[in-house]
Amino acid sequence: MSVLDEVLRSNALFVETYDTGRAMAPVKRKLAIVACMDYRIPLEQAFGLKPGDAYIIRNAGGIVTEDVIRSLLVAHYRLGAEEFLIINHTECGMQTFRDEELRDDIRKRTGTDSIAPEQFHAFLNLEDHVRQQIQRIRSHPWIPKHILLTGCIYDVHTGKLTPVPAL
Ligand SMILES: [Zn+2]
């Protein structure tokens, strides 16, 4: 059963009290955030973000993929973002399997192979993982060196965000 009906009902209530100023909010913080899609990270609530505060890019694992780089480039060169935050978190689901396990599982269930995605980016060590995402951004020739770039770990049990020191 689809949850679409529930979503549409909630949206109808939202529309009734919709703040039209929301669509007009100017960009204030010039911030772009790359975060895991995990529901336990309530970005707006946990970091005091209001409409216009940040461009938010989320995917499974908070991975800096080619498409995330694409969004960061648009955020900087077209939308004015000057600071990037990478947010990964404790107990990430991407630490619970290996790429090849998931690939085998899907292959078995579908009876077919696929060349994409090339990788699922499952990982083991959280700090190493954060540093790897930072490195992917830093090493891209189109990301200016003056961009402030910080990798952080969000603790899903305490709600605390901690920057990961560079090595
Ligand atoms: Zn996660």
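Relative ring orientation between Phe97 and Phe120 is described as perpendicular, the plane-to-plane angle rising above 60° on a 0-90° scale split at 30° and 60°.
In this structure the side chain of Glu44 reaches within 4.5 angstrom of the side chain of Ile56, judged on heavy atoms. At least one side-chain heavy atom of Leu73 sits less than 4.5 Å from a side-chain heavy atom of Ile143. The closest side-chain heavy-atom distance from Ile153 to Thr90 is below 4.5 Å. Residues Leu49 and Arg29 meet the side-chain proximity criterion, which asks for heavy atoms closer than 4.5 Å. Side-chain contact between Arg98 and Leu124: present, with at least one pair of heavy atoms (C-beta onward) separated by less than 4.5 Å. For the pair His129 and His121, the minimum side-chain heavy-atom distance is 4.5 Å or more. Inter-residue side-chain proximity for Phe47 and Leu31 is flagged as unmet; no heavy-atom pair is nearer than 4.5 Å. No side-chain heavy atom of Trp142 sits less than 4.5 Å from a side-chain heavy atom of His76.
The number of heavy-atom neighbours closer than 6.0 Å to CD of Glu66, taken from other residues, nucleotides and ligands shown, is 12 or below.
In this structure, CZ on Arg103 lies 7.5 Å from OG on Ser114, to the nearest 0.5 angstrom. Going from atom CG of Asp99 over to atom CG of Asp104 covers 10.5 Å, rounded to the nearest 0.5 Å. We find the CD-OG1 distance between Glu101 and Thr96 to be 8.5 Å, quoted to the nearest 0.5 Å. Note: Asn125 CG to Arg131 CZ = 8.0 Å, rounded to the nearest 0.5 Å. Taking CG of Asp113 as the reference point, atom CD1 of Ile106 lies at 10.5 Å (rounded to 0.5 Å). Between atom CG of residue Leu102 and atom CD of residue Gln119 there is a gap of 12.5 Å, rounded to the nearest 0.5 Å.
For the residue pair Pro163 and Thr150, the shortest heavy atom distance occurs at CB-CG2, 4.1 Å. Here the closest non-hydrogen pair linking Ile57 and Ser71 is CD1-CB, 3.7 Å. Among all heavy-atom pairs drawn from Cys152 and Leu85, the shortest one is SG-CD2, 4.0 Å. For the pair Lys145 and Arg138, the tightest heavy-atom approach, listed with the atom from each and the gap, is NZ-O, 3.3 Å.
In this structure, the side chain of Arg58 engages the main chain of Cys36 through a donor-acceptor pair within 3.5 Å. In this structure, the side chain of Asn88 engages the main chain of Gly61 through a donor-acceptor pair within 3.5 Å. Side-chain atoms of Tyr154 never come within 3.5 Å of backbone atoms of Ala35 as a donor-acceptor pair (strictly under, hydrogens ignored). Between the side chain of Glu6 and the backbone N or O of Val3, no donor-acceptor pair lies under 3.5 Å. Between the side chain of His89 and the main chain of Asp155, no donor-acceptor pair closer than 3.5 Å is present.
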**Study point:** side-chain contact (heavy atoms from CB on, under 4.5 Å) between Ile134 and Val64, intermediate numbers included
**Key:** CA-CA 8 Å; Ile134 294 291; Val64 177; over 6 Å; no
Practice item. Show your reasoning for whether side-chain hydrogen bond (donor to acceptor under 3.5 Å, both in side chains) applies to Arg136 and Gln133. Key: CA-CA 5 Å; Arg136 285 190 181 140; Gln133 308 320 306; 2.9 Å; yes
Exercise for review: Show your reasoning for whether side-chain contact (heavy atoms from CB on, under 4.5 Å) applies to Asn59 and Asp67.
Suggested key: CA-CA 10 Å; Asn59 64 23; Asp67 192 61; over 6 Å; no
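Both Ile69 and Val34 are assigned to one and the same hydrophobic cluster, defined by single-linkage of ILVMFWY side chains at heavy-atom distances under 4.5 Å. Linking Ile, Leu, Val, Met, Phe, Trp and Tyr residues whenever their side-chain heavy atoms come within less than 4.5 Å places Tyr77 and Leu72 in a single cluster. Hydrophobic clustering of Ile, Leu, Val, Met, Phe, Trp and Tyr side chains at less than 4.5 Å, counting indirect connections, unites Val164 with Phe123. Using a 4.5 Å cut-off between side-chain heavy atoms of Ile, Leu, Val, Met, Phe, Trp and Tyr, with links allowed through other members, Ile63 and Tyr55 fall into different hydrophobic clusters. Cluster annotation: Val156 is connected to Leu161 through the hydrophobic network of ILVMFWY side chains, with a link wherever side-chain heavy atoms come within less than 4.5 Å.
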